[in-house]
Protein chains: 2
Amino acid sequence: MKPSIPKGTRDFSPTEMVRRNFIFKTIREVFEKYGYQPIETPAMENLETLTGKYGDEGDKLIFKILPRGEKLTKIGGLLNTKVSFADLFTKTTEYLDEALRYDLTVPFARYVVQHQNEITFPFKRYQIQPVWRADKPQKGRYREFYQCDADVIGSNSLLNEVEIVQIIDEVFRQLKLRTIVKINNRKILQGIAEIIGASDKMIDITIALDKLDKIGWELVEQELKTKNLSSDSIISLHEIALSIKNEKFPEHKLSLLKNHLQDSGIGLKGIEEVEYIFNTVKNIRHESSILEFDLTLARGLNYYTGAIFEVKANDVQMGSICGGGRYDDLTGIFGLSNVSGVGISFGIDRIFDVMNELNLFDSIGLTASTTKVMLAHFGEEERNYCIGIASQLRSVGINTEIYPDITKKISKQFDYANKKQIPFVIVIGGDEIKTGELTLKNMTSGEQTKMKVDEIILKLK
Amino acid sequence: MKPSIPKGTRDFSPTEMVRRNFIFKTIREVFEKYGYQPIETPAMENLETLTGKYGDEGDKLIFKILPRGEKLTKIGGLLNTKVSFADLFTKTTEYLDEALRYDLTVPFARYVVQHQNEITFPFKRYQIQPVWRADKPQKGRYREFYQCDADVIGSNSLLNEVEIVQIIDEVFRQLKLRTIVKINNRKILQGIAEIIGASDKMIDITIALDKLDKIGWELVEQELKTKNLSSDSIISLHEIALSIKNEKFPEHKLSLLKNHLQDSGIGLKGIEEVEYIFNTVKNIRHESSILEFDLTLARGLNYYTGAIFEVKANDVQMGSICGGGRYDDLTGIFGLSNVSGVGISFGIDRIFDVMNELNLFDSIGLTASTTKVMLAHFGEEERNYCIGIASQLRSVGINTEIYPDITKKISKQFDYANKKQIPFVIVIGGDEIKTGELTLKNMTSGEQTKMKVDEIILKLK
């Protein structure tokens, strides 16, 4: 039997880990730079915490855990009562009561409500942990994957939205990834629906508009008709969409929209919010990302109540690599109402794929190994001499490996260093022990230099 | 309904996370300093990878996952076939085929065999991930907890054992935790069993000896009799145990044992191995730990074949906080035989508890918050002015938070910083905007100083 792992899951090799850890570290440090603090929640949640939160389709994808130990004993009689699998799944809450975390948002909401008396609001937290979904595995879709979320809850301030743009900006600048950051606001969409006389059809309208670029106006119109939008509404919508279609600058788009929405209080509020974000970030942003206002951005509409964000890579075809928005009632499901928040989530797997495709790990100069230098040797005496040298190097923080086994074959040791992509090798022979002049080989350039330990430390540190 | 989490699981608050992350970071950096590279394996393994590896008791504690999606469909007919829970658990591999990782060792062995053609041996890997056990939850025992393991596989060299002692030494020195590191060697135990004429009773003897300090010789003798050890064997054993009982120095204990074991090849090999470790680490160790040879150390005897390590905290009563040893056939269970390795595992939860009890987080100077400074303000104009100041501070890597909401109540903002244990607060009022002279308050000492941004940067960086 060749050992294997479950479908849709992955092992990560050292090279992959070094790269993934670099992305995680970058995101974590930026989150902390903006005052977000880490929390962790358990992999398992009570099933009732999760069910009903992700829609019918989502509920089906929750991984449930078989009860064990005393819980199993409690089920008692059931042990010998025969049930069908169908029963088991239908009556899940009766038989089963634990499941694996499906995302980080619902556990965060649960955390906030459960610990509300210990938390100082506004509560700014970040969380980087895996989640599990029983999705059909396919290219780029896994049953286990990490989410990297930051949320602030208990603050209505638009400063939070501004800082989210800054965070996105700074993370991708550090990753050397050029991006387009799209912003929309649900209030503007609400305003448009109001103005065209179809307040109740906001979501249908947005979903149709989202396809405008891909399928063109005629098909959008058809779709809207099937949703029972009146001809008048459709004509008004077309007029609004057309008027901003060819505007390049977000400021112009927004002021044109302002004219259309002048009779909608909520619409104007939405415009004002987006304008505040654009005006405030203007002077503090880096140039690595393009900030766009995108009226057709439809994301999390059942959920977001204000700003909506989405980030795409500029140089690669790939879905969104980051997204988020403002919500007004995240914790309501657990009994804590009227707490507004705003959050952002980075898609680490897609970011990894994009960076790989663009060779960004190399251009950042990330080495494949965490080890900086390996000590090779010609025999037992030399190997033991290495221990002292390694201690000196490690004491100043240089990651150092001694080839552990004793072998005269120096080529085998070089081969090991090469395959592990260790950037430097020091060779210790009898001469080196006598003179203290060591040979340092740069494994990339092939260059060899004779140096004392102190000089090596200066070079490698 | 008050939201809650499953029994035996935990939420970690920001303060706990800061402390836990400090421990993880320390361990990770030391592992990397000695050339160990990170890997990660999935939370879920195929059930057949795990079953039979942890003994009957362990098998019962494996969390199994209910099949979902297409797998469920494949079970097909079963959907409506009624089965009892008892059936479900007995015939698990028929109905269920995935389970949560129970430790990091078995997944590591599976990883090595599965990826043997991509791996360069000796393979030095570390892994820091949670594991799950359906154990009865009690104080200090959880159903989800992290393990921090480092192993090298494919090397017989004792240098690896030496480096493990160095790693233990360096981790606990950095954590300011005084420890006793106990070393034993299974070969010595084997030799003793041989010499006293009870080769087949090595494990019984060791388990009994392990209790010597606690229960005294008479009870040990009684236990050995129930295991059918002959009187002669027991007398010989007592003689050996007595002879080293009052020796303080490991070197003396070892040379006394050498006399006893001179007719046992394996026994002498064990002594030689332990002596090599003691002699080699002598000059390169730090003084924060005491290194002891402990003949009664019985740990992982079904598993370890050479060195055995165990670490205890010096100043607190607590079980072992770290342990490991050499094994000869970890990957044999998956079809790759005769690959020797040695590993070490740090118990993060106990280390955390010990450090808490000894107030070490404070003496290390670890702040409870990842945020260094908060900007407080008297109104909207001041708040917006903060954005520029925050950008300057963040651009040099100072973690900075702006109190997000606009409020005249400065005391509310100070209260927020206080509760979050943010060490510095800068207050921005009209005067500050005019003069650029900002007030920096040290929240611990209460001291307030007027300073320009550049001076604040110098002070806080």
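Numbers restart at 1 for each chain; the letters A, B, ... are given by sequence-line order, proteins then strands. Atom set for the values below is all heavy atoms of this structure, side chains included, hydrogens, waters and symmetry mates excluded. All values derive from a computational prediction rather than experimental measurement.
For A/E144, the part lying under 4.5 angstrom from a heavy atom of chain B is the side chain only. Contacts between A/F123 and chain B at a heavy-atom distance below 4.5 Å involve backbone atoms as well as side-chain atoms. When heavy atoms are compared at a cutoff of 4.5 Å, A/R125 does not approach chain B at all. With a 4.5 angstrom heavy-atom cutoff, A/S391 touches chain B only via side-chain atoms. Contact of A/R110 with chain B is made through backbone and side chain together, with heavy-atom distances under 4.5 Å. Heavy-atom distances place the side chain of A/N21, and not its backbone, under 4.5 Å from chain B. Of the atoms belonging to A/T280, it is side-chain heavy atoms, and not backbone ones, that fall under 4.5 Å from chain B. With a 4.5 angstrom heavy-atom cutoff, A/K372 does not touch chain B via any of its atoms.
The minimum heavy-atom distance between A/Y416 and B/F121, with the atom names listed, is CD1-O, 3.6 Å. The two residues B/K124 and A/K420 have their closest heavy-atom pair at N-NZ, 3.8 Å.
Near-neighbour residues of residues 35-44 of chain A relative to chain B, defined by a heavy atom under 4.5 Å from a heavy atom of that chain, comprise A/G35, A/Y36, A/Q37, A/P38, A/I39, A/E40, A/T41, A/P42, A/A43, A/M44. Among the residues in residues 111-119 of chain B, those with a non-hydrogen atom closer than 4.5 angstrom to a non-hydrogen atom of chain A are B/Y111, B/V113, B/Q114, B/H115.
No side-chain heavy atom of B/S157 sits less than 4.5 Å from a side-chain heavy atom of A/Y403. Looking at heavy atoms from C-beta onward, B/N46 lies in side-chain contact with A/S4 at the 4.5 angstrom threshold. Under the 4.5 Å side-chain criterion, counting only non-hydrogen atoms from C-beta, B/E45 is in contact with A/I5.
Heavy-atom pairs under 4.5 Å with chain A were tallied for B/E32, B/M374, B/K419, B/R20; the largest tally goes to B/E32. Of all the listed residues (A/S369, A/G335, A/P130), the one sharing the greatest number of non-hydrogen pairs under 4.5 Å with chain B is A/S369. Ranked by non-hydrogen atom pairs under 4.5 Å with chain B, the options A/P107, A/C386, A/S395, A/S13 are led by A/S13. The choice from B/I406, B/L393, B/N384 that makes the most heavy-atom pairs within less than 4.5 Å of chain A is B/N384. Contacts with chain A were tallied for B/R10, B/M17, B/R394; B/R394 has the most, counting heavy-atom pairs under 4.5 Å.
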| request: Just do the side-chain contact (heavy atoms from CB on, under 4.5 Å) check on A/I402 and B/E163 with the steps written out, would you? | output: CA-CA 10 Å; A/I402 304 173; B/E163 289 194 344; 3.6 Å; yes
| What's the verdict on side-chain contact (heavy atoms from CB on, under 4.5 Å) for B/F63 and A/L100, showing C-alpha distance, side-chain angles and the deciding distance? | CA-CA 11 Å; B/F63 273 113; A/L100 293 179; over 6 Å; no
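Atom CZ of B/R383 sits about 7.5 Å away from atom CG of A/L158, to the nearest 0.5 Å. Atoms CD1 and CD1, from A/I65 and B/I65 in turn, are 6.5 Å apart once rounded to the nearest 0.5 Å. Note that CD of B/E29 and OG1 of A/T370 are 11.0 Å apart. Values are rounded to the nearest 0.5 Å.
With 3.5 Å as the limit, one finds a donor-acceptor pair spanning the side chains of A/D405 and B/S155.
Of the residues listed (A/N399, A/I398, A/T400), the one engaging B/K33 in a side-chain contact (heavy atoms from CB on, under 4.5 Å) is A/N399, and it is the only one.
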